[in-house]
Each structure stands twice: as C-alpha cells, then as structure tokens.
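Structure first, commentary second.
When a ligand or atom number is given, it counts from 1 through the structure's own listing order.
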Amino acid sequence: MELNFNKINVNVPGNNYEIQISAGGLESCLELILKTHSPDRLIVITDTNVAPLYLKYFPEQSSLPMHVITVPAGEATKSFDNFQNICEDILRFGVTRKSVLVALGGGVVGDLVGFVASTLLRGLRFVQVPTTLLAQVDSSVGGKTAINSKYGKNLVGAFHQPSLVIIDVLTCHTLAEADFIDGYAEILKYALIDDGDFFIWLNENLQAIQKRDPQFLQEAVHISCLKKVKYVEADEREQNVRALLNFGHTFGHAIESLSNFSISHGASVAIGMCMASEFSFSLGLVGEDVHRKILDHVGRARLPTRCAFSIQQMLPFMRKDKKVVSSDGLTLILLEDLGRAVVRSRLPEESLVRHFGSSDSQTSPLPQ
Ligand code: GLY
C-alpha cells in the first residue's frame, strides 16, 4: 500500500530538516535514515517500554556498525548518571562526526538523546523517532533537549535541532489511554493559542481522534507540527513568540510539582489552560462563551479542568520560573480569543489571589 507522508520543512539558522508524518512509516524508517544521512555508525537509544514494540524496525545491518542502548522507561532516566553512562557507552562503541544517534521513544528518550547528541564530539546528528503522541506533537520538534537536576526538570540542556523527525502515528495504538490523552492536551493547546478553525475541527472530530483513527490522527499531528514549526522558526531560542507555546504551562508546571508528578504533564497543562482561560475571562480579555467552550472541550477530551491545589500553594512554584516573575509582577500567556494568545506582563500576584484565592480548588466552575 502506498503510504501518505505529510512532510514539513523546518528552517532555523544553520539547520534545515524535515518532519515526516505517516501512518505506517516506521517500517521504512531505517532505510530512510541510511539514505538521508549515510552514517558510518548508528546508535539507537530506546527504553524498556519501547524496545519490545519497535526496536524490530532497526535490524542489524551487515554493512553498518550498529549499537543499541536501552534505558529504563520513566522521567528518572533523564539524569546526570544516565547522561554520563550513555556518552561513555557510545564512546566505547566508537563514534565519529559521521555517526548518527536515533532517539526511539517518548519525550524522555528524545530529550536525553538530544542532549547527548548536543555535547558528544561537540555535536552529532540525531534523528527523532517519537513514539508517544506528546513527543510527536511537541518535544521531538524544535530542538529543546535536556536532563533534570535535583533543582528541577530540564534545567541542564541545550538547543540542538534534530536532523530528521520521523513520526508514525500508528505507534499511538500501543499507548495507554492516559498517555494518549496526555498528548492530546498539547494538540488542543495549538488550537487555543493559534487557530480557531483548528479548534472547531477538533470539536467536530474529537471522537475519531479518541478512537485513534489513523487518518484523523495524522491530520491532527500534522497541523500541530505546522504550528510548532511556525513558532520555532520565528524564535528558535524562545526570546519572544515561542513563549506562547507555554500557554497553560506556568500553572501546569506548578500543579505537576505540587502533585509530585502524580498528575501527568498533559493533565496539568489542561488544568493550567482552563485556569489561564478563566483568568483571561476575569480580565475581560475573552467572553464567557469562549471560556465555557474551552472547559467543555477539555472535559469532553477526558482531561481534568481543575485540581485540589490553591493558588497560594501554586504561586511559589510559579515564581521559580525566571521568565514568569519580575519585580513588577508575573508574566502569563493568556487568551484574547479562541485561537489567539497574548503575553501579559506586570500582573500583580494579588490579582491571581483575588480571583482564584477564595476557592480551595482550581478552577471554579462557571455558573449554570
Ligand atoms: N514545549 C514548548 C517549546 O518547545 O517551546
């Protein structure tokens, strides 16, 4: 069967690469990497969840030295220890500037391998093969790579663009429901910040996406990647507009941290987006109809709209983000309309406390 590939070109200073999106393209993934990169060695890094499912697409090659590294699945893997172990494992195997690393897995593997690729021999090519919805629509695109420190997530990292991104949406079929829904939160984010028509399309086709219909998934992932690329190309180093991609994330990161990461990233961002929407409504930036549509869609997507933490509990975590806090108040990404986000600075903390402070949980439901 002829595969339908969506291709997106990413152009950032000094880098030009392609994102290939398909339903079934994983089968020809190795062939594509070899054809486009002509590596002298290939190092595939994956995790214990993904290896049994998809490592089979990277069979040993008679003409090419290949090495596989399998790391434990989970956020704890993005550690200094693992970073060192992987670098030394690769150096032991042998590596040159003509070698290529492949990140086969979700965001944890992608972030870690990207960071290894950014430092080893002062920079190697690496191919992102994201196998979770979250990684397909967000972390595999745009070159943010990082590991965690005891002082926080993603605090040690680099901007290092991949040389190719290969997305096969059929890998979403093996995701647990919670992980799939988690990725959907980021798809919804693109609609809310950038494209009211995409929001309407998501509303109409939510069921097909939830059923993981390959055609609808491919379309949703394609549009999401186009959005992400637009912001990355305009502002690779997040000096201005790329910050809009953090819609819902300032509240979301506080919720993730307060829950000790038992509330997942997507769920936390969904609650954060509802809070940002509610705050936008309270400032008169959007009408009640817009806020109501967002809450309704988040609920239909089986994502949470509220959590048990108070704004007083959240503020210390929000203040940790240097980009969010300044002497004259907070900077938040808010909405001006469905599909139009805006950066709002100099927001006094008291305005958040005044709005959210009276209830024990965020966000407050709208009146019926
Ligand atoms: N995840 C947001 C960004 O890549 O900028």
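Not a single heavy atom of His249 sits closer than 4.0 Å to an atom of ligand 1.
In this structure, the protein non-hydrogen atom closest to atom 5 (O) of ligand 1 is Arg242 NE, 2.7 Å. Summary of contacts: the protein heavy atom closest to atom 4 (O) of ligand 1 is Lys228 NZ, 2.6 Å.
Here's the thing with Lys144: one of its N/O atoms is less than 3.5 angstrom from an N/O atom of ligand 1.
In this structure, Lys230 pairs ionically with Asp194, as a charged nitrogen and a carboxylate oxygen lie closer than 4.0 Å. With salt bridges taken as basic N to acidic carboxylate O contacts below 4.0 Å, one links Asp138 and Lys228. The pair Arg292-Asp289 does not count as a salt bridge, with every side-chain nitrogen at least 4.0 angstrom from each carboxylate oxygen.
Interface of Asp138 with ligand 1, defined as ligand atoms under 4.0 Å from a residue heavy atom, comprises 1 (N), 2 (C), 4 (O). Counting the atoms of ligand 1 from 1 in the order shown, those under 4.0 Å from a heavy atom of Glu238 are 5 (O).
Under a 3.5 Å cut-off, the side chain of Asn148 and the backbone N or O of Lys153 do not form any donor-acceptor pair.
Ring orientation note: the planes of His265 and His253 are tilted relative to one another, at an angle of 30° to 60°.
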